[in-house]
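Notes to accompany the following structure.
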Number of protein chains: 2
Amino acid sequence: MKNSIKVERAKKDLTQADLAEKVGVSRQTINSIEKGRFVPSTILALKMAEVFKTSVHEIFSLEEVDWQG
Amino acid sequence: MKNSIKVERAKKDLTQADLAEKVGVSRQTINSIEKGRFVPSTILALKMAEVFKTSVHEIFSLEEVDWQG
DNA sequence: TCTTTATGTAAAGTATAATTTATTTTTAGT
DNA sequence: ACTAAAAATAAATTATACTTTACATAAAGA
């Protein structure tokens, strides 16, 4: 799964720590998601969408590999 | 978090088992998510949206309680 | 009634999301 | 070059999504 968290943060001028605080997780969790190491829960994705005032689809998108396995 | 999986399944005439097979999880996992016992991963939510040909937001929505805690 | 299909739950186990603490590396500003 | 903020990463721990197996119930049809 790809994500555009870094771009959305830039648009709103938010640091990873800022975003973490707004959605209620740790700074490292945001970093791990942004780097593609963790797949966030749907609740967390919806919260990010709300903070960025956009849709989940604008932030996260499936890749072919996500349908394999 | 609320969800309208049952309604979306009805629209597409899919059983829990049908949906499970399409998104690659077990039937019990679908049941647990539909009943609100499990919060799905963002990958799973995106797959459901694709199967239902709609958005994650149409299927899942945050409640006040999700922002507490 | 008997059978089949769909659903709801539960317990035990595995995989992984998320936390905490900590260190290192980048980046930006002066 | 120096400093400070931001970002990247890691190890250990905790919480929880998801699987598997299993059983129970309700509805519909033969």
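Letters A, B, ... are given to chains in the order of the sequence lines, protein chains preceding strands, and every chain is numbered from 1.
Counting only distance, with no hydrogens or angles, the side chain of Asn31(A) and the backbone of Gln28(A) share no donor-acceptor pair below 3.5 Å. Judged purely by atom type and a 3.5 angstrom limit, Thr29(A) has no side-chain atom pairing as donor or acceptor with the backbone of Ala20(A).
The base of dT20(C) does not come close enough to the side chain of Gln28(A) for any donor and acceptor atom to sit less than 3.5 Å apart. A donor N or O paired with an acceptor N or O is found under 3.5 Å between the base of dA7(D) and the side-chain atoms of Arg27(A). For dT5(C), its base never sits under 3.5 Å from the side chain of Gln16(B) at any donor and acceptor pair.
No path of Ile, Leu, Val, Met, Phe, Trp and Tyr side chains, each step under 4.5 Å between heavy atoms, connects Met1(B) with Val7(B), placing them in separate hydrophobic clusters.
At whole-Å resolution of the value, CG in Asp13(B) and C1' in dT5(C) are 13 Å apart. Rounding to whole angstrom units, CZ of residue Phe38(A) and P of dA17(C) are separated by 6 Å. The CG-C1' distance, from Asn31(B) to dT21(D), rounds to 15 Å in whole Å. For the pair Asn3(B) CG and dA17(D) C1', the interatomic distance rounds to 15 Å; values are reported in whole Å. One interatomic measurement links the two molecules: CD1 of Ile43(A) to C1' of dA15(D), which rounds to 14 Å at whole-angstrom precision. Nucleotide dT19(D) holds its C1' atom 16 Å from the CD atom of Glu21(B), rounded to whole Å. Counting to the nearest Å, the P atom of dG8(C) and the CD1 atom of Ile30(B) are 12 Å from each other. Computed from coordinates, the Asp18(B) CG to dA6(C) C1' distance equals 10 Å when rounded to whole Å.
Considering only side-chain N and O atoms, Thr29(B) lies nowhere under 4.0 angstrom from the phosphate OP1 or OP2 of dC18(D). The side chain of Arg37(B) places no N or O atom within less than 4.0 Å of a non-bridging phosphate oxygen (OP1 or OP2) of dC18(D).
Among the heavy atoms of the strands lying under 4.0 Å from Ser41(B) are primed sugar atoms or P, OP1, OP2 only; no base atom is included. At a threshold of 4.0 angstrom between heavy atoms, the contacts of Thr15(A) are confined to the sugar-phosphate backbone, with no base atom among them.
Considering only the side chain of Ser26(B), dT19(D) comes nearest among dT9(C), dT19(D), dA18(C). For Lys6(B), counting side-chain heavy atoms from C-beta on, the closest listed nucleotide (dT9(D), dG8(C), dT19(C)) is dG8(C).
At a threshold of 4.0 Å, the pair Glu50(B)-Lys47(B) does not count as salt-bridged, since none of the basic side-chain nitrogens sits closer than that to a carboxylate oxygen.
Only one option out of Glu8(B), Lys12(B), Arg9(B), Glu34(B) pairs with Leu19(B) in a side-chain contact (heavy atoms from CB on, under 4.5 Å); it is Arg9(B).
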